Protein chains: 2
Amino acid sequence: MVEVSAETTRHEYTIKEAAALTGLPASTLRYYESIGVIAPVGRGVSSGHRVYDEEDLDQIMWVACLAATGMSVSDMRTYVANGHLGPSAAGEQVELLTQQQRRLASEARQLVLRQRYVALKIDYWHAVAAGDDGRAELLSGEARHLADEIKRAGRS
Amino acid sequence: MVEVSAETTRHEYTIKEAAALTGLPASTLRYYESIGVIAPVGRGVSSGHRVYDEEDLDQIMWVACLAATGMSVSDMRTYVANGHLGPSAAGEQVELLTQQQRRLASEARQLVLRQRYVALKIDYWHAVAAGDDGRAELLSGEARHLADEIKRAGRS
DNA sequence: GCTTTGACTTCGAGTACTTGAAGTTCCTAG
DNA sequence: CTAGGAACTTCAAGTACTCGAAGTCAAAGC
C-alpha cells in the first residue's frame with residue numbers, strides 16, 4: 001500500500017497516541033485545532049485521519065504548558081501567532097516546561113491527599129455500617145482535618 | 001441596630017463569608033443551590049439575601065470535598081441525598097467512593113509518566129540549546145520509548 | 001469477498017462553571 | 001435625611017471543554 005520511506009524513519013502517531021503523550025484528551029486536540037490554537041495537522045491520504053509527527057507533538061506539548069499555566073485560549077492563539085513557538089525559543093520552552101513540572105508535582109501531591117481522603121471516607125462508611133459510632137466519629141474528625149490540608153495545598 | 005440575643009449566639013453568615021469559609025466562590029454556591037446540590041438557603045426577611053447558618057456550612061464543606069475529588073454534580077446530588085439517609089445508604093456510599101478511588105489511582109499512574117516525559121523534554125531542549133545534537137537525538141529516542149509506555153498505560 | 005470490529009471523522013448539544021448586565025438593598029458618612 | 005458605594009439579587013450569555021450520534025475507513029476473521 002504505502003511505500004517505505006527510503007531515508008529517515010519518520011515517527012507518526014494517531015490522535016490517541018498524541019493524546020496519551022501530551023496529556024490532553026483527543027477531543028481537546030481536535031478542539032484546539034478547530035479554533036486555531038495549534039496548526040492544522042496532516043491527514044492520512046486515504047483515511048483522512050489526523051497524523052501527528054514529532055514536530056506536532058512538541059508544539060502541542062508547548063500549548064499544553066500554556067494551557068496548564070492558566071492562559072486563556074484566545075491568549076494562547078495570540079501568543080502562538082506571534083511566533084513564540086518553535087526551536088528558536090528553546091529557552092522559553094524550558095522555562096514553561098519547568099513551570100509545568102512544578103504544576104504536575106503539585107497535582108501529584110494533591111492527588112495523594114485526595115486518595116487518602118477517599119480511603120478515609122470509605123473506612124468511615126464501613127464503620128457506620130458496622131454500627132461502630134466511636135470509630136465513625138474518629139474517622140470523621142480525621143477526614144475534616146485532611147480536608148483542610150487539601151484546601152491548603154490547593155491554594156499553593 | 002444592636003440585636004438582643006435571648007440565649008445562644010446563632011451564627012449567621014453572608015454568601016461572601018460562606019464562600020471564604022468553604023473555599024468555593026459565591027457564584028458557585030448560588031449555582032449549586034440552583035441545581036439542588038445544596039439545600040435552599042434561608043433568606044433575610046427584608047433583603048432577600050442568602051443567610052447561611054452552621055448547618056449550611058457543614059453541608060457545603062462536605063460538597064466542596066466531593067467536588068475537590070472530581071465528582072460530577074449529578075453524583076454529588078445523589079451522594080448528598082443518600083447522606084441524609086444515614087447508615088442504610090452506606091453500601092452505595094462505599095461503592096461511589098471506591099469508584100472514585102480507582103479513578104484517582106489511574107490518574108496517579110498517568111501523572112508519574114507525564115512527569116517523566118516533561119523532565120525528558122526539558123533535558124532535550126537543554127541539549128538542543130547547547131548544540132549537542134547527539135544527546136538531543138538520544139533523549140528524543142528515550143521520549144519515544146516513554147511514549148510507548150504511556151500508550152500502554154493509557155489502555156488500562 | 002464479505003462482514004464485523006474498532007478507531008477515526010464532523011457536528012451539534014451538554015456540562016460546570018464564570019462573567020456581565022441591570023436592578024435592589026445595606027451601610028456609612030455628610 | 002439623603003447621597004454614594006459596596007454587596008447582594010436574578011438572569012442571560014460566554015468559556016472551555018466533553019459527549020453522543022451518525023457516518024467513514026481499514027484490518028482481521030470466516
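This is a predicted model, so every value here is computed, not measured. Just so it is clear: chains get the letters A, B, ... in the order the sequence lines come, proteins before strands, and each one is counted from 1.
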Item to check | Plane angle bin for B:Y79 and A:W125 - parallel if under 30°, tilted between 30 and 60°, otherwise perpendicular | outcome: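 Taking B:Y79 first and then A:W125, their aromatic rings stand perpendicular (interplane angle over 60°).
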Looking at every strand, decide which applies to [X] at a 4.0 Å heavy-atom threshold: base, sugar-phosphate, or nothing.
| X | result |
| --- | --- |
| B:I15 | sugar-phosphate |
| A:S34 | nothing |
| B:S27 | base |

OP1 or OP2 of [N] versus the side-chain N and O atoms of [X]: is any pair under 4.0 Å?
| X | N | result |
| --- | --- | --- |
| B:T14 | D:dC8 | yes |
| A:R50 | C:dC8 | no |
| A:R43 | D:dT24 | no |
| A:R30 | C:dT9 | yes |
| B:Y32 | C:dC17 | yes |
| B:S46 | C:dC26 | yes |

Measuring from [X]:[atom1] to [Y]:[atom2], what's the distance to the nearest 0.5 Å?
| X | Y | atom1 | atom2 | answer |
| --- | --- | --- | --- | --- |
| A:L29 | A:K16 | CG | NZ | 13.0 Å |
| A:H126 | A:I122 | NE2 | CD1 | 6.5 Å |
| A:M61 | A:L66 | CE | CG | 10.5 Å |

In this structure, how many angstroms lie between the [atom2] atom of [N] and the [atom1] atom of [X], rounded?
| X | N | atom1 | atom2 | answer |
| --- | --- | --- | --- | --- |
| A:R77 | D:dA16 | CZ | C1' | 12 Å |
| A:I35 | D:dA16 | CD1 | C1' | 8 Å |
| A:I38 | D:dA16 | CD1 | P | 15 Å |
| B:L29 | C:dT19 | CG | P | 14 Å |

Checklist entry - To the side chain of B:K16, which of D:dC8, D:dA16, C:dC8 is closest? => result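 Nucleotide nearest to B:K16's side chain: D:dC8.
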Next on the checklist: Heavy atoms from C-beta onward define the side chain here; which of D:dA16, C:dC8, C:dC17 lies closest to that of A:V73?
Outcome noted: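 So the nucleotide nearest the side chain must be D:dA16.
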Next on the checklist: Need to verify one output field. Residue with the more 5' nearest nucleotide on DNA chain C, B:H49 or B:P25?
Outcome noted: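 Closer to the 5' end of DNA chain C: B:P25.
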Next on the checklist: Please check this pair: side chain of A:E142 against backbone of A:L120, looking for a donor-acceptor N/O pair closer than 3.5 Å.
Outcome noted: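 No, because the side chain of A:E142 does not come within donor-acceptor range (under 3.5 Å) of the backbone of A:L120.
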Checklist entry - Given that A:Y31 and A:S47 both sit by DNA chain D, which one's nearest nucleotide is further toward the 5' end? => result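 Closer to the 5' end of DNA chain D: A:Y31.
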